[in-house]
Amino acid sequence: MKSRKYAVLLSAAALAIAAIALRAQTPAPPQNQTEARPQIPASTAETPAPPAPNPPPTVGTNATIGATPAAVRQSGEDPAAVARGAEAYATAGCGSCHGATGKGTDIAPDLVRSPLVEDDTKGELIGAVLGQPHPKNGGTKPSLTDQQISDIATWLRVQVYGAAMRDTYQYLNIVVGDPQKGEALFNGSGKCNSCHSVTGDLAGIGSKYQPPQLQSLWISGGANARFGRGFGRGLLTGNGGMLADTSPPEITPSTITITVTLADGQKFTGVPVTYNDFYVAFRDMSGAYHSFDRRGGWPKVEVHNPLQPHWDLLKHLTDDEMHDVTAYLVTLK
Amino acid sequence: MKTRHIVLAVFLALAPIATLAQSAGVTESMLLNPPPDSWPTHHGDYSARRFSELKVINDTNVQYLSLDWESRVTGGIPADAPPGRGGLAGNVRVAGSPLLVNGMLYFTANDNAWAMDVRSGRIMWHWYRESTGNEPITSNKGMGMYGNWLYLITRDNYLVSIDATTGAQRWIVPVADPKQYYFSSMAPIIIKNHVIIGTGGDSLDLSGFLQARDPETGEIQWTHYNTPREGGPGIETWPNEYAAAHGGGGAWVQGAYDPELNLYYYGTANPNPVYAPQSRKGADLYTSSIIAINPDTGGMAWYYQASPHDTHDWDAACDTVLIDGTINGKARKLLAQASRNGFFFVLDRTNGKKIVAVPFVDTENWSKGLDARGEPIPDPAKEPSLGGSLAWPNAGSATNWPPPSFSPQTGLFYVGTGEGYAIFYLTDTDEHPEGYAGIESALGEGPGSIKALDYRTGKIVWRHDWPNGGSAVGLLSTAGNLVFCGNANNLVAFNARNGKILWHAGLLGSPNAPLTFMLDGRQHVLVFAGDTAYNFVLNTPALAATTRAAAKKPE
């Protein structure tokens, strides 16, 4: 109960400051500003009471997932300040109530989802809170230097950025399968060995790729494996894309090719450039470009997708089997 | 000289009347019964069928459909745009649906709005405002119109009202805080004197909501959060109020409206954190749901959850199409949705009871049948996991917000579908995961099709598999036994009954959902592709002769 009142106090303060911040950047609309920011309503609108010692939190303090190195990099914040902020946050004991990564516990609010933290640009709002008597300290001001407050604010902004921006997320250990079962599948019912060899095309593949990339690669058959797609590559060369490529196409084991049969029986084999209901365009094996209208039912177009077995495999592959094969491929150093 | 004066006097006397007639703009009766020369709301009418009774253009003459004009727009350029961005600055995509009122098209792209003379493609005005927030890239869906006022919601969550005649901004009001990564993209829907808008955001686990605003002042009339609060119905499907209040359920599609029942139907977005299930065990109502809302109060009449405990970012954010149909010989008020999770749903729209729930894609692999309410049961094994879970559809989904179409003439529901799949990983294993909390590794677009479903059963009556893949596309069906849609850069017309391709035109971009209307005695098909509008009319030999004859008539 007490802890909830404290949470109310903070969120009320956050709301007030945030409302001011929002008003400042808003083109003066005649309306209730607080409506602009959805909050947990009603039951939390109690009169703040003096804080009392908190019970130790039971959830959230052992949180381990926070902003990744990629988030620090992409956020544009000074990495040294972020590191100092992390240390100050830990040393000052903020994490014992707000959680090790700021995501909150059952006795103190989540700082990453805090509108006040999101509205803060350089510590002015977070500093204003930390410069006030803090209930956790029995109503005294936290003993933090201005520099530490600024660093904690920086660290918190990076936590927000890291939660919000999914391109900064990090895979955890995705190798959860059984390599022996994976090997059996590779050489058995999965029929991987009918096209691939662990001493040939896949030799050393476990050291070439990180496990998540490796799993994506073997499931899809490669970056170009967009089943039924993957066309349109290789028509234009460099030079600003102005020159048509007339060199013979490079055919790899995963290249999609087509056979085009004209009404008079003439046949071409090549690499598709565009293929739809209305026309087909391709480069033949010499590199020459051809296009045909196909609305009259001719020419006939046959697509050869060497990656089709991957697509067919996926329809009955279980997740355990996927993990097992990945675990096996990871061992191919 | 005298006659000229008289003409001028008559003209002056008539001018104010003409102006008044124009400034009447969109009326309630126009929205309830759109005249054939208009497209006054996002889907043309409230039913979201995107079906037109027009049949001047039909399956016998569509091969003569020809370009009347095309017109390209350029967006505003941010003040801090670096020089030397080449032709990219000002590039826009008109993704949503234009409105057509009194011969003027009104449409948007992110941060931009335009009026265009539909007879020529001439741009009448251009409104531009730089976005201020952290929101992700989205596609603005267009505007709503009430009287002579236009409404749009910016991606950084401001509701803007614009004078349709001049393009002048009347007012701008904040809806949600862009610094919290709220984002908005829906075309406001006007119902009576309510401007209905919505917003949400996945990045920081916000609470999505629908809201009604006063058309004159922008003041809030009601707010409907798509997740419950303490004491409210549905709270039992969340661990606690905190989880529900940070539980997502954004609002970014347009919905449909039944004036007889006075219910506004809506497909809500996914729960939050997006990919992590552990802090929101339960069904997570009313996320990924179809809900029925009283537009006067914001109160919810019923719900049907398309994806209980969604962990794949599917949402139920697709159009809800109103069908007045017949089931087992009885006339029924129905609602149909081809949902992003790969299921085709038909509900009784008076009470939300399920009538049909069947997959419309070939590859769906996440459900274990239906529960007692007729909702799909998610397979927990397909939740995002450490080692990755292979799931169909991917987050891009079996279909998406580009609108489907229903033709009462054929009884078929037309939808663009894809068979893409992904490996879903959990990356945040904490008790309180945040944001997406996982990674969707989308690996294949898969085959793509246009499918025509029997609304009574969900059975596929015909399908056209695109040779080079495809996914969700905007559609239009007409009483001329036609279905129009896009594939890659082509606008394609199908025979609505049998799926035979009858016509196509290669454009400079991927077409969005077309609209059609009668104007000056001719039926038009208008479509945007990228930044360019294309207006098509018939040039059949017979029509050309009629036009020549009309031109020769004495004054």
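Proteins get letters first, then strands, A, B, ... in listed order; numbering begins at 1 in each.
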Asks: Determine, step by step, whether B:Asp428 and A:Lys103 satisfy the salt bridge (charged side-chain N to carboxylate O under 4.0 Å, His left out) criterion, reporting the C-alpha distance in whole Å, the side-chain angles of both residues, the deciding distance to 0.1 Å, and the verdict.
Replies: CA-CA 12 Å; B:Asp428 189 338; A:Lys103 291 192 285 194; 2.9 Å; yes
Asks: Could you tell me whether B:Asp362 and A:Lys315 make a salt bridge, using a distance below 4.0 angstrom between a side-chain N and a carboxylate O?
Replies: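 A:Lys315 and B:Asp362: not salt-bridged.
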Asks: Give, for atom OG of B:Ser441 and atom OH of A:Tyr171, the distance between the pair rounded to the nearest 0.5 Å.
Replies: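 Here the interatomic distance stands at 4.5 Å.
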Asks: Quick check on B:Ala391 against chain A: is it the side chain, the backbone, both or neither that has a heavy atom closer than 4.5 Å?
Replies: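 Answer is neither: B:Ala391 stays 4.5 Å or more from chain A.
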Asks: Do side-chain atoms of A:His323 reach the backbone of B:Gly387 as a donor and acceptor pair under 3.5 angstrom?
Replies: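 It does hold such a pair.
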Asks: Step by step, would you call A:Val59 with B:His432 a side-chain contact (heavy atoms from CB on, under 4.5 Å)?
Replies: CA-CA 9 Å; A:Val59 295; B:His432 295 303; 3.9 Å; yes
Asks: Could you walk me through whether A:Asp319 and B:Lys382 satisfy the salt bridge (charged side-chain N to carboxylate O under 4.0 Å, His left out) test, starting with their C-alpha distance in whole Å, then the side-chain angles of each, then the deciding distance to 0.1 Å, before giving a yes or no?
Replies: CA-CA 9 Å; A:Asp319 288 337; B:Lys382 287 298 170 187; 3.0 Å; yes
Asks: Is chain A contacted by the side chain of B:Leu206, its backbone, both, or neither, given a heavy-atom distance below 4.5 Å?
Replies: neither
Asks: For the residue pair B:Leu204 and A:Val160, establish whether any side-chain heavy-atom pair is separated by less than 4.5 Å.
Replies: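 Contact flag for B:Leu204/A:Val160 side chains = yes.
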Asks: Using the rule given for side-chain contact (heavy atoms from CB on, under 4.5 Å), can you reason through B:Ile423 versus A:Ile219, listing the C-alpha separation, both sets of side-chain angles and the distance that settles it, and then say yes or no?
Replies: CA-CA 9 Å; B:Ile423 306 176; A:Ile219 283 290; 4.1 Å; yes
Asks: Please find the pair of heavy atoms, one from A:Met322 and one from B:Leu390, that lie closest to each other, and give the distance.
Replies: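 Shortest heavy-atom separation between A:Met322 and B:Leu390 comes out as CE-N, 4.2 Å.
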Asks: So which of A:Thr105, A:Asn62, A:Thr326, A:Leu172 has the biggest tally of heavy-atom pairs under 4.5 Å with chain B?
Replies: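 Winner by heavy-atom pair count: A:Leu172.
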Asks: Might you point out which heavy atoms bring B:Tyr181 and A:Met165 nearest each other, and give the distance in Å?
Replies: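 Closest heavy-atom pair between B:Tyr181 and A:Met165: CE2-SD, 3.9 Å.
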Asks: For the CD1 atom of B:Ile439 and the OH atom of A:Tyr169, what is their distance to the nearest 0.5 Å?
Replies: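 It is 9.0 Å, given to the nearest 0.5 Å.
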Asks: Is A:Thr121 in contact with chain B via its backbone, its side chain, both, or neither, using a 4.5 Å heavy-atom distance?
Replies: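 It is the side chain, since no backbone atom gets that close.
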Asks: Mind listing the closest non-hydrogen atom pair of A:Trp311 and B:Glu419 along with its distance?
Replies: CH2-O, 3.5 Å
Asks: Roughly how far, to the nearest 0.5 Å, is CD of B:Gln180 from CG of A:Asp119?
Replies: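 The distance works out to 7.0 Å.
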Asks: Do B:Tyr421 side-chain atoms and A:Leu314 backbone N/O form a donor-acceptor pair below 3.5 Å?
Replies: no
Asks: Is the NZ atom of A:Lys300 crowded by more than 12 outside heavy atoms at less than 6.0 Å?
Replies: yes
Asks: Side chain from CB out, backbone as N, CA, C, O: work out which of these in B:Asp202 comes under 4.5 Å of a heavy atom of chain A, or both, or neither.
Replies: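 Neither part; nothing is under 4.5 Å.
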Asks: What's the shortest heavy-atom distance between A:Gly60 and B:Glu431, and which atoms?
Replies: N-OE1, 2.8 Å
Asks: Does A:Glu118 reach the main-chain N or O of B:Lys179 with its side chain, forming a donor-acceptor pair under 3.5 Å?
Replies: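 Checking the backbone N and O of B:Lys179 against the side chain of A:Glu118, no donor-acceptor pair under 3.5 Å is found.
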Asks: Taking the six-membered ring for Trp, are B:His504 and A:Phe278 parallel (under 30°), tilted (30 to 60°) or perpendicular (over 60°)?
Replies: parallel
Asks: Where does B:Val274 contact chain A at under 4.5 Å (heavy atoms): side chain, backbone, both or neither?
Replies: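 No part of it gets close to chain A.
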Asks: Pick one of side chain, backbone, both or neither for A:Thr318, based on which atoms fall under 4.5 Å of a heavy atom in chain B.
Replies: neither
Asks: Heavy-atom pairs under 4.5 Å with chain B - which of A:Val280, A:Asn276, A:Ile65 has more of them than the others?
Replies: A:Ile65
Asks: With a 4.5 angstrom heavy-atom cut-off, is it the side chain or the backbone of B:Ala381 that approaches chain A, or both, or neither?
Replies: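 Only the backbone of B:Ala381 comes within 4.5 Å of chain A.
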Asks: Within this structure, what is the CG-OH distance for the pair A:Asp167 and B:Tyr436, rounded to the nearest 0.5 Å?
Replies: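 Output value for this atom pair is 11.0 Å.
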Asks: Would you indicate whether the side-chain heavy atoms of A:Asn173 and B:Leu386 approach each other to under 4.5 Å?
Replies: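 SC-SC contact between B:Leu386 and A:Asn173 ruled out.
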Asks: Go through it in stages, so that I can follow the logic: the residues are A:Asp110 and B:Glu434, the test is side-chain contact (heavy atoms from CB on, under 4.5 Å), and I'd like the CA-CA distance, side-chain angles, deciding distance and then a yes or no.
Replies: CA-CA 10 Å; A:Asp110 185 332; B:Glu434 305 212 317; 2.2 Å; yes
Asks: Would you mind checking which part of B:Thr199 comes under 4.5 Å of any heavy atom in chain A, side chain (CB onward), backbone (N, CA, C, O), both or neither?
Replies: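 Answer is neither: B:Thr199 stays 4.5 Å or more from chain A.
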